[in-house]
Trainee: 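The structure's right below; bear with me while I get my questions together.
Hydrogens, waters and symmetry mates play no part in the numbers below; they use all other heavy atoms, side chains included.
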Amino acid sequence: MKTEQQNQILSCMADVLSQNGFRAEVMQKEGAPTLLRCEAMRQGKVQKDVTIETCFIPIALPGEDSGLLQFFVTLFMGVPEMYHKQMHSACEYCNDFCALGHFGFFADAGQVYLKHTTLLDGSLELEKNIMFIADNISLLMASVTRFIDGLASVGFSGIPLDAALEQDLLPKM
């Protein structure tokens, strides 16, 4: 997929997200992939601002019209070190219930994130790609909404996973 087409897709997504209550901005820097950065304000009962960063990964794909789009959603940062083990367990547990993407924990920043990568077909009409990406973002935000309070309880209060499940902060198997 050509860079111009990637940039057009990200710019359209910024417009769509801005119209739906996100703060969205396309960031371009010489020699780096174009990045769409948006914020969803005050998510969950914990009222955390969630950041979504999206860019096309600059790798060669079999088809010229293909593009690999990566979403990196930061739920929150600053989990105290004493709760890192519980946080890893909670993220792994939540992945069994996640419709799209994969929860993870970056201990160096105490950061809980949700990551998803998808393949786009640039031969499709722009509108179809925008709808597909919007659906992906909707599913990612649904996962954020569903899990942010439980993950924050584990990460900031150190509640063990079993206790979070007993308190219905996270879904049960």
Side-chain angles (χ1 to χ4, degrees), residues 10 13-14 16-18 20-27 29 32-59 67-120 131-173:
L10 294 177
M13 278 311 303
V16 168
L17 290 166
S18 293
N20 286 288
F22 291 83
R23 283 194 304 206
E25 167 185 19
V26 175
M27 301 160 62
K29 192 174 184 180
T34 302
L35 177 73
L36 169 60
R37 185 176 195 281
C38 59
E39 293 179 2
M41 309 303 287
R42 297 177 293 283
Q43 297 296 303
K45 292 177 184 173
V46 291
Q47 297 289 293
K48 293 289 185 184
D49 294 347
V50 172
T51 304
I52 304 171
E53 295 171 317
T54 306
C55 71
F56 284 90
I57 299 173
I59 64 169
L68 200 55
L69 185 63
Q70 184 172 54
F71 300 88
F72 190 86
V73 184
T74 300
L75 278 70
F76 51 83
M77 297 174 68
V79 172
E81 190 173 339
M82 62 188 148
Y83 303 140
H84 285 189
K85 186 176 180 182
Q86 291 100 304
M87 198 72 254
H88 278 289
S89 297
C91 286
E92 286 180 30
Y93 177 82
C94 290
N95 283 327
D96 289 338
F97 298 94
C98 197
L100 191 69
H102 176 84
F103 283 103
F105 179 63
F106 181 59
D108 289 349
Q111 178 183 27
V112 176
Y113 63 86
L114 178 60
K115 184 177 168 185
H116 171 64
T117 305
T118 191
L119 187 64
L120 284 185
M131 297 277 288
F132 178 74
I133 297 167
D135 288 346
N136 276 257
I137 290 175
S138 293
L139 286 170
L140 290 170
M141 288 308 298
S143 290
V144 167
T145 302
R146 184 175 186 195
F147 297 106
I148 193 167
D149 292 326
L151 290 170
S153 294
V154 171
F156 294 115
S157 353
I159 295 174
L161 181 58
D162 291 342
L165 293 171
E166 285 176 24
Q167 295 176 27
D168 292 324
L169 296 171
L170 296 171
K172 295 177 185 169
M173 290 270 199

Trainee: Taking all non-hydrogen atoms of both residues into account, name the closest pair between C98 and S143 and its distance.
Mentor: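 What the structure gives for the nearest pair is SG-OG, 3.4 Å.
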Trainee: Tell me the closest heavy-atom pair linking A24 and A14, and the distance in Å.
Mentor: CB-O, 3.6 Å
Trainee: Report the residues that fulfil side-chain contact (heavy atoms from CB on, under 4.5 Å) with A163, sequence neighbours left out, ordered by chain and then residue number.
Mentor: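 Result, side-chain contact (heavy atoms from CB on, under 4.5 Å) vs A163: I159, P160, Q167.
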Trainee: Is it the case that over 12 heavy atoms from other parts of the model lie below 6.0 angstrom from the NZ atom of K29?
Mentor: no
Trainee: What's the shortest heavy-atom distance between G101 and L114, and which atoms?
Mentor: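 Looking at all heavy atoms of both residues, the closest pair is C-CD1, 4.0 Å.
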Trainee: Only one of F103, Y93, Y113 forms a ring-ring contact (aromatic ring centres under 6.0 Å, His included) with F147, so which one is it?
Mentor: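 Passing option: F103.
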Trainee: Do H116 and T118 come close enough that some side-chain heavy atom pair is under 4.5 Å?
Mentor: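 Contact flag for H116/T118 side chains = yes.
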Trainee: I need the minimum non-hydrogen distance between L165 and P171, along with the two atoms involved.
Mentor: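 In terms of heavy atoms, the two residues are closest at CD2-O, 3.3 Å.
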Trainee: In Å and rounded to the nearest 0.5 Å, what is the CG to CG distance from L120 to N136?
Mentor: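 Result: 8.0 Å between the selected atoms.
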Trainee: Rounded to the nearest 0.5 Å, what's the gap from CE on M141 to CD1 on I148? Could you check?
Mentor: 7.5 Å
Trainee: Would a distance-only check, ignoring hydrogens and angles, find a side-chain to backbone donor-acceptor pair under 3.5 Å from D149 to K45?
Mentor: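 Checking the backbone N and O of K45 against the side chain of D149, a donor-acceptor pair under 3.5 Å is found.
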Trainee: Say you draw a straight line from CG of L17 to CZ of R37; how long is it, rounded to the nearest 0.5 Å?
Mentor: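 Going from the CG atom of L17 to the CZ atom of R37 covers 13.0 Å.
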Trainee: Run the side-chain hydrogen bond (donor to acceptor under 3.5 Å, both in side chains) test against N95 and tell me which residues pass, sequence neighbours left out.
Mentor: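 Listed in chain order: H102.
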Trainee: May I have the list of side-chain donor-acceptor pairs in residues 70-86 shorter than 3.5 Å, sequence neighbours left out?
Mentor:
from, atom 1, to, atom 2, distance (Å)
T74, OG1, Q111, NE2, 2.9
H84, NE2, V79, O, 3.1
Q86, NE2, G158, O, 3.3

Trainee: What's the spacing between T117 OG1 and I57 CD1 if we round to 0.5 Å?
Mentor: 4.5 Å
Trainee: Kindly determine whether L169 and V154 satisfy side chain to side chain contact (heavy atoms under 4.5 Å, CB included), including the steps that lead there.
Mentor: CA-CA 9 Å; L169 296 171; V154 171; over 6 Å; no
Trainee: Heavy-atom count check: over 12 atoms from other residues, nucleotides or ligands less than 6.0 Å from M41 CE?
Mentor: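 Yes, because the 6.0 Å sphere around CE of M41 holds more than 12 heavy atoms from other groups.
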Trainee: Looking at every heavy atom in both F56 and P33, which two are closest together, and how far apart are they?
Mentor: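 Heavy atoms only, the tightest pair is O-CB, 3.7 Å.
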Trainee: Return the OG1 to CD distance between T51 and Q43, rounded to the nearest 0.5 Å.
Mentor: 10.5 Å
Trainee: A side-chain contact here means heavy atoms from C-beta on lying under 4.5 Å apart; do C94 and L170 qualify?
Mentor: yes
Trainee: With side chains defined as the heavy atoms from C-beta onward, is the minimum distance between M13 and I137 less than 4.5 Å?
Mentor: yes
Trainee: So which heavy atom on L161 is nearest to which on A90, and how close?
Mentor: CD1-CA, 4.1 Å
Trainee: As an exercise, state the distance from CG of D162 to OG of S89, rounded to the nearest 0.5 Å.
Mentor: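 The OG atom of S89 is 9.5 Å from CG of D162, to the nearest 0.5 Å.
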Trainee: Considering only heavy atoms from C-beta outward, does the side chain of I52 approach that of L140 to under 4.5 Å?
Mentor: no
